[in-house]
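Scroll down for the structure; my scribbles are underneath it.
One-based numbering along the sequence shown.
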Amino acid sequence: MRNALIAMALAGLAGCASTPDTERNPEDPWEGFNRQVFAFNDTLDRYALKPVAQGYAYVTPDPVEKSVGNFFSNLGELRTVLNSILQWKWNNAGVASGRFFVNTTLGVAGLFDVATSAGITANKEDFGQTLGWWGVDSGPYLVLPLLGPSTVRDTGALPVDIYSYPLAYVEDDKIRLSIRALQLVNVRASLLDQERFIQGDRYTFIRDTFLQKRRFEVNDGQSGEDPFASDDFDFDDADFDEADFDDATSGSDMQRNDESGAVQQSDGANAD
């Protein structure tokens with residue numbers, strides 16, 4: 001559950017649980033409750049997850065750490081395929097399918113991201129984005145125990161996201177939990193260097209960043225249409241009256257004639 005794991009790791013980055021004297025965000029009506037859960041997640045991260053992630057990053061070579069991340073990301077392509085179909089994004093579904101095939105075969109079970117190197121890229125999709133695409137409102141911001149930042153819509157989408165990820169079908173509990181633990185630690189280790197970008201109140205910073213990121217993902221990075229960049233924008237002939245151009249041209253000619261006459265008078269005065 002890639003997004004949930006990233007959200008949990010982000011939640012662990014926050015170390016301030018007191019409410020600052022700032023204006024309340026209308027998207028976060030449960031801020032008091034959320035900050036308490038946020039502080040709980042922070043304690044677990046500070047004394048358990050982060051030290052393990054730091055040790056993992058210290059002993060694991062960067063290429064190996066990257067390959068582990070590639071492996072879990074490749075499994076997520078199947079979720080992208082499913083949700084792209086549910087959103088009628090057939091092109092993205094085809095590209096994600098191609099990425100999974102290429103990386104699973106040529107990339108040695110997804111350890112190497114050959115598809116990206118070949119220019120084959122797709123937008124990541126999950127069921128929360130699918131609900132948003134079909135017009136379901138995100139609802140209030142919500143911090144989940146262990147899982148971190150979310151919204152009411154994304155929380156409701158979690159069961160589908162869990163069972164659309166292949167690891168959910170590993171029957172052996174020990175193997176499944178071990179792989180999940182490795183995935184969690186690898187994601188947390190990848191975020192260690194990003195902590196320095198957090199400024200001000202960490203709860204607010206992470207909340208606003210998360211909400212902006214989710215809006216960006218649901219809208220596929222589109223902030224709105226630019227009529228001047230659209231093929232549907234047509235100029236009307238009435239907007240360009242020939243008389244306007246004639247008047248403008250005549251005015252320019254008169255100005256040049258006046259300037260020429262002024263220059264000639266100035267030259268004559270200098271000669272005198």
Rounded distance [0.5 Å steps], [atom1] in [X] versus [atom2] in [Y]:
X      : Y      : atom1 : atom2 : value
Thr204 : Arg202 : OG1   : CZ    : 12.5 Å
Lys174 : Ile179 : NZ    : CD1   : 14.5 Å
Phe205 : Phe197 : CZ    : CZ    : 9.0 Å
Lys66  : Leu111 : NZ    : CG    : 12.5 Å
Gln54  : Arg188 : CD    : CZ    : 7.5 Å
Asn74  : Phe100 : CG    : CZ    : 5.5 Å

Provide the closest heavy-atom pair for [X] versus [Y] in the form atom of the first, atom of the second, distance.
X      : Y      : answer
Val143 : Val37  : O-CG1, 3.5 Å
Leu192 : Ala53  : CD1-O, 4.0 Å
Ile206 : Pro149 : CG2-CG, 4.0 Å
Val114 : Gly107 : CG2-CA, 3.7 Å
Arg99  : Ala122 : CD-N, 3.8 Å
Gly128 : Asp161 : N-OD2, 4.2 Å

Starting from the C-alpha separation in whole Å, work towards a yes-or-no answer on side chain to side chain contact (heavy atoms under 4.5 Å, CB included) for Glu31 and Arg207.
CA-CA 10 Å; Glu31 182 174 345; Arg207 178 197 63 196; 3.9 Å; yes
Determine, using the 4.5 Å side-chain heavy-atom cutoff (strictly less than), whether [X] and [Y] are members of one ILVMFWY cluster.
X      : Y      : answer
Val68  : Val170 : yes
Leu211 : Leu147 : yes
Trp133 : Phe216 : no
Phe112 : Leu182 : yes
Val218 : Ile85  : no

Can you spot which of Asn92, Asn123, Thr130 makes a side chain to side chain donor-acceptor pair (under 3.5 Å) with Gln87?
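Per the side chain to side chain donor-acceptor pair (under 3.5 Å) rule, the option paired with Gln87 is Thr130, out of Asn92, Asn123, Thr130.
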[X] side chain to [Y] side chain, donor-acceptor N/O pair below 3.5 angstrom:
X      : Y      : result
Asp113 : Ser73  : no
Tyr56  : Asn186 : yes
Tyr203 : Asp42  : no
Asn70  : Ser67  : no
Ser138 : Arg215 : no

Is [Y] close to [X] at the side-chain level, that is, under 4.5 Å between some pair of heavy atoms?
X      : Y      : answer
Asp45  : Asn41  : no
Asn25  : Tyr141 : no
Phe127 : Leu86  : yes
Leu184 : Phe72  : no
Ser84  : Trp90  : no

Among residues at least two apart in sequence or on other chains, which ones pass side-chain contact (heavy atoms from CB on, under 4.5 Å) with Tyr163?
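In terms of side-chain contact (heavy atoms from CB on, under 4.5 Å), with neighbours along the sequence ignored, Tyr163 is linked to Ala168, Tyr169.
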Just to verify, which of Asn34, Thr151, Asp28 counts as forming a side-chain contact (heavy atoms from CB on, under 4.5 Å) with Leu142?
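Among Asn34, Thr151, Asp28, the one that satisfies the side-chain contact (heavy atoms from CB on, under 4.5 Å) with Leu142 is Asn34.
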Give the C-alpha distance, both sets of side-chain angles, the deciding distance and a yes or no for salt bridge (Lys or Arg N to Asp or Glu O under 4.0 Å) between Lys124 and Glu77.
CA-CA 8 Å; Lys124 297 290 184 181; Glu77 297 291 353; 3.0 Å; yes
Short side-chain to backbone donor-acceptor contact, Ser190 and Val187, under 3.5 Å:
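Indeed, once roles are kept as given, a pair shorter than 3.5 Å links the two residues.
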Kindly say whether Phe101 contributes a backbone atom to a donor-acceptor pair with the side chain of Thr104 at under 3.5 angstrom?
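Checked: no pair found.
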Could you go step by step and tell me if Asp201 and Arg35 meet the salt bridge (Lys or Arg N to Asp or Glu O under 4.0 Å) rule?
CA-CA 11 Å; Asp201 176 53; Arg35 282 185 178 271; 2.8 Å; yes
Arg153 vs Asp137, test: salt bridge (Lys or Arg N to Asp or Glu O under 4.0 Å). Steps then yes/no.
CA-CA 7 Å; Arg153 181 185 65 203; Asp137 187 75; over 6 Å; no
Determine whether Leu75 and Leu167 satisfy the following criterion, side chain to side chain contact (heavy atoms under 4.5 Å, CB included), listing intermediate values before the conclusion.
CA-CA 8 Å; Leu75 294 180; Leu167 288 183; 4.2 Å; yes
CA sep, side-chain torsions, deciding dist, call: Leu158, Leu144, side chain to side chain contact (heavy atoms under 4.5 Å, CB included):
CA-CA 11 Å; Leu158 281 178; Leu144 301 176; 3.8 Å; yes
Just wondering, are more than 12 heavy atoms of other shown residues or ligands nearer than 6.0 Å to CG in Asp172?
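Counting other residues, nucleotides and ligands, CG of Asp172 exceeds 12 neighbours.
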Going by an N to O cut-off under 4.0 Å, is there a salt bridge joining Arg79 and Glu125?
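Not counted as a salt bridge, because no side-chain N and carboxylate O are separated by less than 4.0 Å.
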Test salt bridge (Lys or Arg N to Asp or Glu O under 4.0 Å) on Asp154 and Arg214; report intermediate values, then the result.
CA-CA 10 Å; Asp154 288 347; Arg214 289 303 287 168; 2.9 Å; yes
